[in-house]
Amino acid sequence: MEQTFIMIKPDGVQRGFIGEIISRFEKKGFSLKGLKLVKVDRPFAEKHYADLSAKPFFNGLVEYIISDPVVAMVWEGKNVVATGRKIIGATNPAESAPGTIRGDLAVEVGRNVIHGSDSVESARKEIALWFPEGIISWQSSLNQWIYE
Ligand code: GDP
Ligand code: MG
């Protein structure tokens, strides 16, 4: 089954959105496979966002991510990478549809509350980076009511 890496950014943690965000993924029918509160250092954040290192906002982005704890998660389910991105909404909250996490809970692109992997391949890399200890293997007993 497909997995994705989801991170509640420091603004999401500070603003009290941990429960709200977990609830949206739970209610959809996805399964939580990894979860931790972690404050990352600069080299780690730079590695996570390595693909964006040439962007003018890169330093501000790294400062934002290392400023306070984040919640790192692995969610599993059918098409969870692409569907997770839809639940999250567009990168810029000004363009995120109402009903999405960023559309409902954020205003600016530099404080957009949540990260989600953009492909199955980046999900694989991000899960390996954030959960080097591995994740627990378990199956929800509700799967028979979510999948036909
Ligand atoms: P995402 O996959 O939707 O998170 O977007 P990207 O991978 O393109 O960018 C990563 C993160 O960098 C975004 O979630 C934003 O927090 C931040 N970011 C992206 N574009 C901009 C920008 O133009 N300005 C600022 N300040 N931050 C940006
Ligand atoms: Mg991205």
Side-chain angles (χ1 to χ4, degrees), residues 1-137 140 146-147:
M1 191 73 95
E2 192 169 294
Q3 296 182 334
T4 194
F5 174 69
I6 299 291
M7 169 182 48
I8 306 174
K9 294 176 176 179
D11 50 334
V13 174
Q14 282 282 0
R15 293 177 63 201
F17 294 155
I18 297 171
E20 163 89 26
I21 288 170
I22 288 177
S23 184
R24 290 185 182 211
F25 282 84
E26 269 185 332
K27 282 191 257 186
K28 175 68 177 172
F30 293 140
S31 294
L32 185 62
K33 296 286 165 126
L35 172 70
K36 60 186 176 187
L37 182 75
V38 47
K39 192 160 186 274
V40 298
D41 61 17
R42 184 177 301 274
F44 187 94
E46 287 177 349
K47 199 168 179 189
H48 172 74
Y49 280 123
D51 291 353
L52 300 174
S53 61
K55 299 284 185 187
F57 57 83
F58 181 70
N59 197 51
L61 173 61
V62 169
E63 289 287 346
Y64 163 43
I65 295 305
I66 68 176
S67 64
D68 249 335
V70 300
V71 173
M73 297 181 280
V74 177
W75 285 90
E76 186 176 283
K78 188 176 181 183
N79 294 323
V80 69
V81 172
T83 305
R85 296 276 296 189
K86 287 185 191 161
I87 290 169
I88 289 169
T91 301
N92 186 346
E95 282 141 32
S96 311
T100 65
I101 291 169
R102 287 168 175 164
D104 290 348
L105 306 177
V107 176
E108 283 205 329
V109 68
R111 295 290 184 272
N112 62 358
V113 168
I114 183 167
H115 164 86
S117 307
D118 62 9
S119 68
V120 172
E121 176 57 16
S122 41
R124 194 190 55 74
K125 280 192 212 154
E126 290 171 2
I127 292 167
L129 176 67
W130 287 82
F131 290 89
E133 69 276 25
I135 54 171
I136 293 167
S137 175
S140 169
I146 294 166
Y147 299 102

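Every value quoted in this text rests on a predicted model; they were computed, and no experiment measured them. Atoms within a ligand are numbered from 1 in the order they appear, just like the ligands themselves. The first residue of the sequence shown is numbered 1, and numbering continues consecutively from there.
The aromatic rings of His115 and His48 lie perpendicular to each other, with more than 60° between the two planes, well past the 30° mark.
In this structure, the side chain of Tyr147 engages the main chain of Lys78 through a donor-acceptor pair within 3.5 Å. With hydrogens and angles ignored, the 3.5 Å screen pairs a side-chain donor or acceptor of Arg85 with a backbone N or O of Gly116.
Remark: Phe44 pairs with Trp130 by the ring pair (Phe, Tyr, Trp, His ring centres under 6.0 Å) rule, at least two apart or across chains. Under the rule for a ring pair (Phe, Tyr, Trp, His ring centres under 6.0 Å), the partners of Phe25 that lie at least two apart in sequence or sit in another chain are Trp75.
Of the protein's non-hydrogen atoms, Asn112 ND2, 3.6 Å is the one closest to atom 13 (C) of ligand 1. Nearest protein heavy-atom neighbour of atom 22 (C) of ligand 1: Phe57 CD2, 3.4 Å. Among protein heavy atoms, atom 24 (N) of ligand 1 sits closest to Val109 CG1, 3.5 Å. Residue, atom and distance of the protein heavy atom nearest to atom 3 (O) of ligand 1 are Thr91 OG1, 2.5 Å. Looking only at protein heavy atoms, the nearest one to atom 6 (P) of ligand 1 is Leu52 CD1, 4.1 Å.
Using a 4.0 Å cut-off to heavy atoms of Tyr49, the atoms of ligand 1 that qualify are 10 (C).
In summary, Lys125 and Asp51 do not engage in a salt bridge, as defined by a charged side-chain N under 4.0 Å from a carboxylate O.
Closest to atom 4 (O) of ligand 1 by heavy atom, among Lys9, Arg85, Arg102, is Arg102.
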